[in-house]
Colleague: 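Just passing along the structure, written as structure tokens.
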Amino acid sequence: MTTTLGTPATPADDTITFSPAAAAAAAVTGGTEGQGASAAREFDLETDTVRDLNAALHSAADGEAFSVANPLGKHALAVGVNGDVRVDVHGHAGYYAAGMNQGGTITVHGNAGTGVAENMMSGRVHVTGDASQSAGATAHGGLLVIDGNASARCGISMKGIDIVVGGNIGHMSAFMAQAGRLVVCGDAGADLGDSIYEARIYVLGSVASLGSDCVAKEMRDEHRAELAELLAAAGRDDDPADFTRYGSARNLYHFDVDNSAAY
């Protein structure tokens with residue numbers, strides 16, 4: 001059985017839906033993300049503009065590949081990709097790299113600034129270094145892999161994306177996370193999963209503190225199978241048995257006067 005990566009979880013948090021659709025995603029590995037060896041169209045951002053790069057990506061045909069040199073931490077690289085294209089950014093990216101990605105395979109060979117893969121719909125984004133705050137924010141689908149650490153608010157308001165972080169994540173991660181899966185292979189900061197809905201969180205290391213209505217949950221066989229597939233899709237070999245699952249206690253789903261502030 002395989003799990004559909006980057007698709008919203010079912011409303012019942014403890015029910016896992018399996019589909020063959022993730023097999024291709026799980027096979028995607030390596031710096032060129034497993035795609036064909038067709039010649040890449042080259043951009044050098046010391047001379048080319050970000051506008052030119054993004055315009056070329058928006059008009060690209062499925063199967064095209066792009067190589068970006070000297071990104072120099074510029075913002076909004078490879079945003080709005082809408083097709084089966086590959087983009088390799090050779091260096092550090094600034095704010096909102098790969099935002100709104102839909103179908104593309106985008107690799108940042110370096111670090112990424114605030115909001116990488118924000119509002120992603122589908123496809124794959126891979127950061128080989130660290131990511132700043134709000135990685136994968138509000139994203140509806142696809143797979144975001146961060147080999148290093150992610151800062152605060154990783155996966156904030158996630159709506160179906162799958163995020164695998166090789167290192168640690170900062171405070172308030174998965175705040176108001178509605179659907180999807182967040183896998184942390186290091187430690188998690190304070191207030192993890194505050195006001196979480198039906199997203200699932202898997203943490204290998206320690207958690208500084210849990211946010212409102214987020215609790216540790218039983219790790220059953222179907223969860224270990226789901227986690228194993230996510231780790232494999234990210235190119236990792238961590239043992240799913242070593243992780244702890246967290247999710248919503250569902251105490252905030254309905255109004256209760258005891259949960260309101262006293263005035």
Colleague: Check whether any side-chain heavy atom of Val79 lies under 4.5 Å from a side-chain heavy atom of Asn54, and answer yes or no.
Modeller: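 Yes. Closest side-chain heavy atoms under 4.5 Å.
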Colleague: Minimum heavy-atom separation for Asp238 to Pro240, with atom names?
Modeller: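 What the structure gives for the nearest pair is O-CD, 3.3 Å.
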Colleague: Would you mind telling me which of Leu227, Asp242, Thr244 makes a side-chain contact (heavy atoms from CB on, under 4.5 Å) with Met219?
Modeller: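 Only one of Leu227, Asp242, Thr244 forms a side-chain contact (heavy atoms from CB on, under 4.5 Å) with Met219, namely Leu227.
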Colleague: Should the pair His75 and Tyr95 be assigned to parallel (<30°), tilted (30 to 60°) or perpendicular (>60°) ring geometry?
Modeller: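 Parallel, since the angle between the ring planes stays under 30°.
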Colleague: Using modelled atom types only, decide if a donor and an acceptor are shared between the side chain of Asp62 and the backbone of Gly83 within a distance under 3.5 Å.
Modeller: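 Pair absent, no side-chain N/O of Asp62 close to backbone of Gly83.
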Colleague: Can you check whether Ser206's main-chain N or O pairs, donor with acceptor, with Asp187's side chain at less than 3.5 Å?
Modeller: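 Answer holds: yes.
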Colleague: Is the backbone N or O of Ala139 less than 3.5 Å from a side-chain atom of Asn119, with the two atoms forming a donor-acceptor pair by type?
Modeller: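 A pair under 3.5 Å: no.
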Colleague: Taking the side chain as everything from C-beta on, heavy atoms only, tell me whether Ile201 gets closer than 4.5 Å to Val203.
Modeller: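 Yes, their side chains come closer than 4.5 Å.
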Colleague: Less than 4.5 Å apart, side chain to side chain, heavy atoms only: is that true for Leu143 and Val164?
Modeller: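 Sidechains of Val164 and Leu143: in contact.
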Colleague: Please check this pair: side chain of Ser59 against backbone of Ala55, looking for a donor-acceptor N/O pair closer than 3.5 Å.
Modeller: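 Checking the backbone N and O of Ala55 against the side chain of Ser59, a donor-acceptor pair under 3.5 Å is found.
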Colleague: Can you tell me if His109 uses its side chain to pair, donor with acceptor, with the backbone of Gly91 under 3.5 Å?
Modeller: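 Side chain of His109 to backbone of Gly91: no pair is present.
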Colleague: In the structure I gave you, are the side-chain heavy atoms of Leu57 and Val87 within less than 4.5 Å of one another anywhere?
Modeller: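 A side-chain contact under 4.5 Å exists here.
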Colleague: Any side-chain heavy atom of Arg236 within less than 4.5 Å of one from Cys185?
Modeller: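 SC-SC contact between Arg236 and Cys185 confirmed.
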Colleague: Looking at Ser248 and Cys214, would you say the former's side chain and the latter's main chain have a donor-acceptor pair under 3.5 Å?
Modeller: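 It does not hold such a pair.
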Colleague: Among Val68, Ile106, Thr107, exactly one meets side-chain contact (heavy atoms from CB on, under 4.5 Å) together with Asp88. Which residue is that?
Modeller: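 Of all the options given, the one that passes is Thr107.
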Colleague: Taking all heavy atoms of Gly136 and all of Ile163, pick out the closest pair and write down the distance.
Modeller: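 Here Gly136 and Ile163 meet closest at CA-CD1, 4.2 Å.
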Colleague: Less than 4.5 Å apart, side chain to side chain, heavy atoms only: is that true for Thr128 and Ile146?
Modeller: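 The answer is no; the side chains never approach within 4.5 Å.
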Colleague: Would you find a donor on one side and an acceptor on the other, under 3.5 Å apart, between the side chain of Asn101 and the backbone of Gly104?
Modeller: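 Pair found, side chain donor or acceptor close to backbone of Gly104.
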Colleague: Checking Glu198 against Arg250 for the side-chain contact (heavy atoms from CB on, under 4.5 Å) test, could you report, in this order, the C-alpha distance in whole Å, the side-chain angles of both residues, the deciding distance, and whether it holds?
Modeller: CA-CA 9 Å; Glu198 294 302 324; Arg250 299 172 178 155; 3.0 Å; yes
Colleague: Could you tell me if the side chain of Ser209 sits less than 4.5 Å from the side chain of Leu192, heavy atoms only?
Modeller: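 No, every pair of side-chain atoms sits at 4.5 Å or beyond.
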Colleague: Is it true that a side-chain atom of Asp44 and a backbone atom of Glu46 form a donor plus acceptor pair closer than 3.5 Å?
Modeller: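 Indeed, once roles are kept as given, a pair shorter than 3.5 Å links the two residues.
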Colleague: Using atom types as modelled and distance alone, determine if a side-chain donor or acceptor of Lys159 lies under 3.5 Å from a backbone N or O of Ser157.
Modeller: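 Between the backbone of Ser157 and the side chain of Lys159 there is a qualifying donor-acceptor contact (under 3.5 Å).
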Colleague: For Glu226, is there an ion pair with Arg181 - N to carboxylate O distance below 4.0 angstrom?
Modeller: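 Salt bridge flag = yes for Glu226 with Arg181.
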Colleague: Is any side-chain heavy atom of Asp147 less than 4.5 Å from a side-chain heavy atom of His126?
Modeller: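 A side-chain contact under 4.5 Å exists here.
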Colleague: Report yes or no: does Ser134 contribute a side-chain atom to a donor-acceptor pair with the main-chain N or O of Ala137 at less than 3.5 Å?
Modeller: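 A pair under 3.5 Å: no.
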